[in-house]
Every structure is written in structure tokens, then in C-alpha cells.
Amino acid sequence: MTTPQPESNTKPGIGPAATKITSTKYNVVTNPEFSNYRLITPAECITKGSFIHVVIEARSESQQLVPSGGDFWFATMSTNDPHQASTAGRVIDHENGTYSVYFYAAWSGTATINITLVHPNKAVEFMHDIFTDTGPKIFWSATYKNMTTLSQLKKTNKFDTSCWITRSNDTNRFCEYPSANGLGNYTFVCIPPKDRKCRSLDIIAVNASKTDAMTRKAATGYEDYFQSKYFNQRLTKGPQTIVIKDSSYRKPTSTKDEYNLKLPPSWSHRSHGYWFNYTWTSLLYTDNNWTNSSDMKECLRNKHMLLLGDSTSRQWAQSIGTLLDLRQKAHRQEFPNFFFEDDYKELNFSVSFRFHPQTVTTTRIPFKLFIYFADILDSIVTHECANLIIELSPWAHLAQWTWDSLTQRFIKLREAVSRFRQRCPNVPIIIKGSHLREHLTTFARWGRSDYLLYQVGILMEQIFHRSGIWFLNVWDMNLSFPSRANVHMPNIVVQEELKLAIAHICGQLKHGYQY
């Protein structure tokens with residue numbers, strides 16, 4: 001029995017496009033070498049506390065204005081003086097080859113503008129219209145031996161079979177491991193192993209070579225658009241620095257943008273905030289009354305925080321003790337790096353972390369230990385709600401999922417939240433959004449693309465909006481921090497994320513407001 005091949009895309013007008021690229025196609029592709037940007041805001045109007053307007057002109061290799069939009073840009077403004085100030089600009093696509101960028105000028109002095117083409121329109125077209133519909137792309141290897149201890153687990157060098165996620169009506173002849181709560185009408189399946197029963201599935205680990213091969217195959221005909229010539233290229237034709245004049249500083253009363261109102265609430269603001277002296281000031285979330293350690297400690301006293309997510313949630317679990325200046329903890333781990341709990345006796349405060357199923361890791365992990373978050377929420381009974389706080393963050397391992405399977409996974413989680421809310425209406429629940437990451441290989445530029453992660457963040461807020469969950473948007477905070485992008489950002493960023501989360505949690509616990 002053979003492993004399934006990627007499904008062909010059937011969207012009208014798209015299928016035939018996935019063929020060998022010819023040079024004539026570059027006439028409509030944005031080329032960063034010839035693209036430019038210009039300052040629209042008059043120099044005398046660039047003052048502290050104002051918005052600065054920049055326009056990008058996307059040009060092709062023929063130096064003509066590209067007649068359509070669709071490019072994916074990063075825009076940041078920063079200063080290297082002792083204040084280490086920086087912010088992200090909001091990019092608005094006018095769908096005619098021009099883009100508006102708005103920066104919030106939160107400081108005075110010389111600022112450096114950085115406009116970067118992350119992906120040209122043809123790369124975005126592939127990821128949006130083809131890659132997200134092509135599946136399966138992630139494969140796991142599995143063993144059906146009974147490995148119950150870590151020492152046995154580490155000695156396992158061979159796997160028995162391959163597994164993947166597919167639609168429930170495509171599972172004939174396979175070992176099926178369905179979860180209506182976790183995957184909807186998709187199912188985790190494995191090729192039946194020889195001389196073993198399906199129920200004896202024990203250990204899984206991502207098959208990196210097969211996953212990489214299928215991810216590469218999905219991009220056949222589009223690889224050129226992800227080469228260095230087009231990927232993460234900073235524009236050089238435009239003002240590299242500007243001078244922000246001092247003025248009587250005031251925060252804007254509103255950062256809403258009329259062009260972006262079609263997006264979920266947090267994505268429709270011109271600015272989410274800025275870094276200054278390595279501290280994040282949010283313009284999106286305004287409850288800043290819980291920022292010092294003593295207030296946060298009192299708020300979290302006698303509480304239990306349940307973190308359900310990926311390794312970025314694990315960073316929260318590992319950093320909260322330092323943020324709160326808690327010296328001693330009791331650490332218990334069910335499986336290293338994937339399930340653990342820390343107890344801080346001085347506050348009677350505890351933090352539990354659990355990783356989501358279908359993690360993309362080559363670490364050999366026990367299949368049955370991983371429980372879908374929807375099932376975890378359903379297992380919480382009413383008397384456990386009194387001192388509970390929940391954070392959800394399932395995104396970093398999901399960029400290679402098909403859009404339909406990802407949407408179903410989020411919808412099922414929302415349904416579980418709704419059932420949970422009937423039992424526990426006052427428990428604060430936060431869902432933390434996605435952020436950009438590193439791309440160490442060429443295929444990772446589309447397999448784990450920042451464009452896809454950006455879209456995952458938007459999808460998360462769309463699905464969980466008005467569901468009794470507060471969506472924490474951390475994209476701009478991570479984008480504008482003065483360091484290289486990484487899925488595991490520096491602890492400074494992690495703690496600033498935590499401060500925003502705790503401010504909301506404590507505000508809700510005190511005032512009872514919901515999102």
C-alpha cells in the first residue's frame with residue numbers, strides 16, 4: 001500500500017498555472033530591485049504622536065508598475081539610539097500596484113524605515129490558492145511496539161509505518177484514529193502495520209524527509225518565486241531615514257483604519273503599539289493597570305493557569321515565574337517539554353502546560369498522551385472552574401495543514417469553548433495569535449511561510465470572535481522587536497506578551513468584562 005500523493009488543485013483558472021515558469025511571467029511579478037517607496041506626509045508634519053504615510057510602488061522587472069496587488073510586505077520603523085524604539089507599519093493593498101503604509105511616530109529623532117518584500121504576488125497566489133488546498137503534506141512515522149519508558153523510547157530506531165491526516169471518507173484500508181471533537185470530518189490514519197493491530201499504535205514522530213518532499217512537490221512550478229531574489233528583500237529606492245520632530249506627545253484616540261474594517265477587529269488598526277526601552281506600549285489593548293510584579297502576584301494568587309498550545313505557550317509557562325519574581329517552584333513533568341506543571345507555593349499559584357496533538361517534531365512521542373484541546377475543555381467539571389485561567393495558542397505547527405482541515409480544527413475548538421462556557425461562564429480564556437518565524441531552508445519559505453502564519457492569525461480571530469475568548473494579537477509586537485525573527489522569540493518579548501495577557505485576565509477578574 002502506498003502513501004497518498006498530494007491532491008491536485010481544482011479551483012477554476014488555477015490548475016494549469018502550476019507549470020514550468022517562463023521568463024514572460026516575470027512581467028507581472030513584483031521585483032524588489034525596481035520597486036520603490038515615497039514619503040507622502042510632508043516633512044514639517046512628521047511629529048511625535050502623528051501617523052506617517054508612505055506609499056510603496058510595486059514594479060516588475062521591466063520597471064513598470066505592477067497592475068495588481070497581492071504582495072506580502074513587512075514595514076518597520078526604528079531608531080538605534082539608546083531608547084531602542086521601534087514599531088510596525090500597517091500595510092494597505094490598493095490592488096493596483098500601490099500600497100499605503102502607516103507608521104505611528106511614538107518618539108522624536110532620526111528613524112530608519114525598512115520596507116521589505118516578503119513574498120511577491122505570484123508566491124502569495126500559490127500559497128493562497130494552491131498550497132492551502134493541497135494535501136496531505138505532513139507525514140508521521142509510527143511504531144506499534146509497546147514503549148512505555150523514556151529509556152525504551154530513545155532506543156527505538158525503526159518505525160513500522162506512515163501516518164497522515166485526511167478526510168474521513170478517504171480512510172478505507174487504513175488504521176483510523178478519528179476525533180470528531182478535535183479534527184471534525186478529518187481523521188488521523190496510518191498504513192496498517194504487518195502482524196499488528198491498529199489499536200496498538202504507540203509512538204509517532206514526524207517523517208521529516210517525506211514531509212519535506214511532499215511540501216516541495218506541492219510547489220512544483222512556483223519554486224522560483226521563493227528564491228532569494230524575491231524573498232525577504234528590503235527596498236532600497238526610497239528614503240531610508242526620516243526626522244521626527246518633538247511635540248506635545250499624545251496617544252491617538254483611535255487607530256482604526258477605514259480600509260481594513262473588513263478584517264477582524266484587532267487587524268483593522270493602523271498601529272498596535274511600539275517598543276521603547278525594550279518595553280512594549282500597546283495602542284490596541286489599553287488596560288495597563290496590572291504591570292508591576294506585586295499587583296500581578298495578588299491577582300494570580302490561588303489561581304491555576306492552564307496553557308494549551310505549542311512551544312510558544314511553553315515559553316509563557318517557563319517565563320511567568322521570572323516575570324512575577326517567584327523564586328521557588330515544584331516542577332512535575334509527564335513528558336519533557338510537552339506536558340508539565342509548576343507549583344509556586346508562595347502564591348498557591350500553579351501553571352500547567354500541554355502540547356497539542358499532531359505536533360511537527362522528530363521527537364518520538366507517545367501517541368496516547370496527546371489529547372485534543374476540545375476534549376480537555378470538555379473534561380473540566382464545574383467545581384474546577386473557580387480559580388482557573390486558560391490560554392490557547394495552537395498555530396506554530398499548522399501552516400502546512402489544508403485550509404479546510406485547519407478551519408474545522410478551530411471550529412471544533414470553538415464549539416468546545418461554547419460548551420465550557422455553559423459550565424464555567426467566568427473563567428478568563430485567552431487565545432494568543434501567531435507571529436513570524438525563521439526560515440532556514442528554501443522550502444520553509446512556503447512550507448512555514450510568514451504569509452501563511454499571518455493568515456492563520458486572522459483565521460483564528462475570525463473563528464473565535466465573540467465566542468467568550470479574548471484574542472491577543474502579538475504579530476506587530478514580534479515583527480517590530482529589534483532582533484531576528486524566530487518562532488521562539490527572546491524572553492523580553494515573551495514577558496511583554498504575558499503582561500498584556502495578565503492585564504486582561506486581572507481586569508476581567510476584577511471588573512467581569514468579556515471579549
Side-chain angles (χ1 to χ4, degrees), residues 150 278-280 282 285 287-356 369-371 373 376-377 379-394 396 420 423-424 426-432 469-470 472 474 477 487-512:
L150 265 180
Y278 292 104
T279 299
W280 177 257
S282 177
Y285 311 117
D287 192 341
N288 297 316
N289 297 320
W290 306 88
T291 55
N292 66 68
S293 177
S294 59
D295 288 342
M296 288 189 286
K297 282 182 179 179
E298 284 308 306
C299 168
L300 297 177
R301 186 180 296 278
N302 302 321
K303 300 295 189 296
H304 175 67
M305 182 177 287
L306 176 60
L307 304 179
L308 304 175
D310 48 43
S311 54
T312 65
S313 292
R314 183 175 65 215
Q315 285 186 285
W316 276 26
Q318 294 168 335
S319 296
I320 194 166
T322 304
L323 176 66
L324 298 177
D325 195 27
L326 299 175
R327 302 296 182 182
Q328 296 180 344
K329 68 179 180 182
H331 180 76
R332 298 187 301 277
Q333 57 184 22
E334 185 177 0
F335 193 73
N337 293 323
F338 292 94
F339 316 114
F340 61 81
E341 181 170 329
D342 291 330
D343 288 333
Y344 297 93
K345 302 297 184 183
E346 59 191 279
L347 289 184
N348 191 30
F349 171 63
S350 59
V351 179
S352 297
F353 167 70
R354 293 196 70 89
F355 217 112
H356 62 74
L369 278 183
F370 285 77
I371 304 172
F373 293 165
I376 292 175
L377 293 178
S379 71
I380 299 172
V381 295
T382 304
H383 74 268
E384 296 174 320
C385 300
N387 297 312
L388 188 61
I389 297 164
I390 297 174
E391 182 260 358
L392 305 167
S393 187
F420 176 81
R423 305 189 306 278
C424 308
N426 299 317
V427 171
I429 306 177
I430 289 173
I431 186 161
K432 178 168 65 73
I469 290 182
W470 185 63
L472 175 58
V474 297
M477 176 194 292
V487 68
H488 301 133
M489 291 295 284
N491 198 48
I492 293 173
V493 180
V494 176
Q495 292 198 357
E496 290 300 307
E497 291 177 352
L498 271 168
K499 286 180 184 178
L500 289 179
I502 293 172
H504 167 77
I505 291 165
C506 298
Q508 179 175 332
L509 291 173
K510 182 175 181 179
H511 304 296

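Computed from a predicted model, the values in this text were never measured in an experiment.
- When every heavy atom of S313 is checked against every heavy atom of L307, the shortest pair comes out as O-CD1, 3.6 Å.
- Legend: residues meeting ring-ring contact (aromatic ring centres under 6.0 Å, His included) with H331, ordered by chain and number and at least two apart, are F340.
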Side chain to side chain donor-acceptor pair (under 3.5 Å) between T322 and Q495, worked out: CA-CA 9 Å; T322 304; Q495 292 198 357; 4.8 Å; no
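- Shortest non-hydrogen contact noted between L347 and L326 is CD1-CD2, 3.8 Å.
- Atoms NE2 and CG, on H356 and L308 in that order, are 11.0 Å from each other to the nearest 0.5 Å.
- With sequence neighbours excluded, no residue satisfies ring-ring contact (aromatic ring centres under 6.0 Å, His included) with F420.
- Among pairs with a residue in residues 339-351, those fulfilling salt bridge (Lys or Arg N to Asp or Glu O under 4.0 Å) read K329-D342, R332-E341, R332-D343, at least two apart in sequence or across chains.
- The CD atom of E496 sits 10.5 Å away from the OG atom of S282 when rounded to the nearest 0.5 Å.
- The aromatic rings of F355 and F353 stand perpendicular to each other, their planes meeting at an angle above 60°, with 30° marking the opposite boundary.
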With side-chain contact (heavy atoms from CB on, under 4.5 Å) as the test, would you mind laying out the steps for L500 and W280 before giving the verdict? CA-CA 9 Å; L500 289 179; W280 177 257; 4.1 Å; yes
Full working for side-chain contact (heavy atoms from CB on, under 4.5 Å) between L300 and I389: CA-CA 9 Å; L300 297 177; I389 297 164; 3.7 Å; yes
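- Electrostatic pairing of K297 and D295 does not count as a salt bridge here, judged by no charged N lying under 4.0 Å from a carboxylate O.
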